[in-house]
Protein chains: 2
Amino acid sequence: MSHPHTYSHADQAARLEQVLALLRDSRLKLTRPRRALLEILVHEHGPFTIEELAVKLHDTPCDPATIYRNMAAFEDLDLVRQCDFGDGMARFELVGQDEDHHHHIICRKCRKLELIDLCFVRELEKLVRDRGYTQVHHSLEFYGICANCQRE
Amino acid sequence: MSHPHTYSHADQAARLEQVLALLRDSRLKLTRPRRALLEILVHEHGPFTIEELAVKLHDTPCDPATIYRNMAAFEDLDLVRQCDFGDGMARFELVGQDEDHHHHIICRKCRKLELIDLCFVRELEKLVRDRGYTQVHHSLEFYGICANCQRE
DNA sequence: CTACCTGCAAAGACTTTGCACGTGT
DNA sequence: ACACGTGCAAAGTCTTTGCAGGTAG
């Protein structure tokens, strides 16, 4: 693979098939907005805010409420994951395989996003500074279901 | 130091002095709510939501708007940093030195928080699973001021 | 046909802002 | 004194929910 975050059309088509298969096994129906959302999530590199998704959906106008509901549904299927970049807006991205693993650099002012591929914390902070950022800090958070909640 | 997140009273007093000195050098005034907030931030281990801070302030009743405004002011002084755990509530913690560095495990259901002291990503995911969590993932985000914004 | 979906509008939750009064230095 | 800070209330965002009509399987 020439670039870590570039996927061939074949890769994307395969991933889309996987995702659609997952839907078929659930009781979710494959509606027009749903399909359009999944195509965006598979073909473009997230995470996306609700508004960004709405814009990308221009061909398939879709109420924000519907996007929220679908993201929640996809999250239940572990198809999508919610991210939070500290600006009070929910962001969603397709859950990927290991090779998808990456982190973000978020500008504290303009909120611009950059992807980075390495996965070592200390070294990465240096790398972020090397890219010209100042006042760098990072936050690494883990999400999971705790033992208590698993029993419920 | 016997435990990485335990500080002696002397340490805390010194840190509080540092922080108050920082305030003096700025044009912020040392008001009652302000002082109470700083004491909480120095003496207890955050991050805290606005509501949590309000509860801890019982002796110094303080409007939420005032807490928000003060956290913003402290952030400008690089005294405090905002965290986001993906539940739509702002959280704030004192900016610490290197030895303060830590990460969190957040239950996706009950939002319970645990602190962890190591700083290697892969190993940590295993560690999180070892603590009984399932469906573990993590998010590592960097914050900084990008080259563009520095020029402004 | 039935369960699931969607759009619209209303309600909710968190946060920000305006303004007049109060306070630290 | 004067600039800065606070409480209160109103306004702003983003998100969630209720409901009636529509649609996939």
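Numbered from 1 within each chain, the chains take letters A, B, ... in sequence-line order. Being a predicted model, the structure only gives us computed values, none of them experimental.
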Gap between atoms [atom1] and [atom2], on [X] and [N] respectively (whole Å):
X     : N      : atom1 : atom2 : answer
A:Y68 : D:dT13 : OH    : P     : 13 Å
A:M71 : C:dT6  : CE    : P     : 11 Å
B:M89 : D:dT13 : CE    : P     : 22 Å
B:R35 : C:dT25 : CZ    : P     : 11 Å
B:N70 : C:dT17 : CG    : P     : 15 Å
B:L28 : C:dT23 : CG    : P     : 19 Å
B:L37 : D:dT6  : CG    : C1'   : 12 Å
A:E75 : D:dT16 : CD    : C1'   : 14 Å

Please name the pair of heavy atoms, one in A:L79 and one in A:L94, separated by the smallest distance, quoted to 0.1 Å.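 Looks like O-CD1, 3.4 Å.
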Distance-only donor-acceptor check, side chains B:R32 and B:T60, under 3.5 Å: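 Yes.
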So if I take every side-chain heavy atom of [X] and compare against [options], which nucleotide ends up nearest?
X     : options               : value
A:D63 : D:dT15, C:dC8, C:dC4  : C:dC8
B:T31 : C:dC5, C:dG24, D:dG7  : C:dG24
A:A65 : D:dT6, D:dT16, D:dG25 : D:dT16

Flag yes if B:V80 and B:M89 sit in one hydrophobic cluster, no otherwise; membership is Ile, Leu, Val, Met, Phe, Trp, Tyr, and two members link when side-chain heavy atoms are under 4.5 Å apart.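 B:V80 does not cluster with B:M89.
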DNA chain C: B:K29 or B:P64, which has the more 5' nearest nucleotide? B:P64
Using a heavy-atom cut-off of 4.0 Å across all strands, would you classify B:P33 as base, sugar-phosphate, or nothing? sugar-phosphate
Got a salt bridge between B:R35 and B:E39, using NZ or NE/NH1/NH2 to carboxylate O under 4.0 Å? yes
D:dG7 base to B:R69 side chain: any donor-acceptor pair below 3.5 Å?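 Side chain to base: pair present.
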Counting heavy atoms not belonging to A:E51, are there more than 12 under 6.0 Å from its CD?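 Result for CD/A:E51: open.
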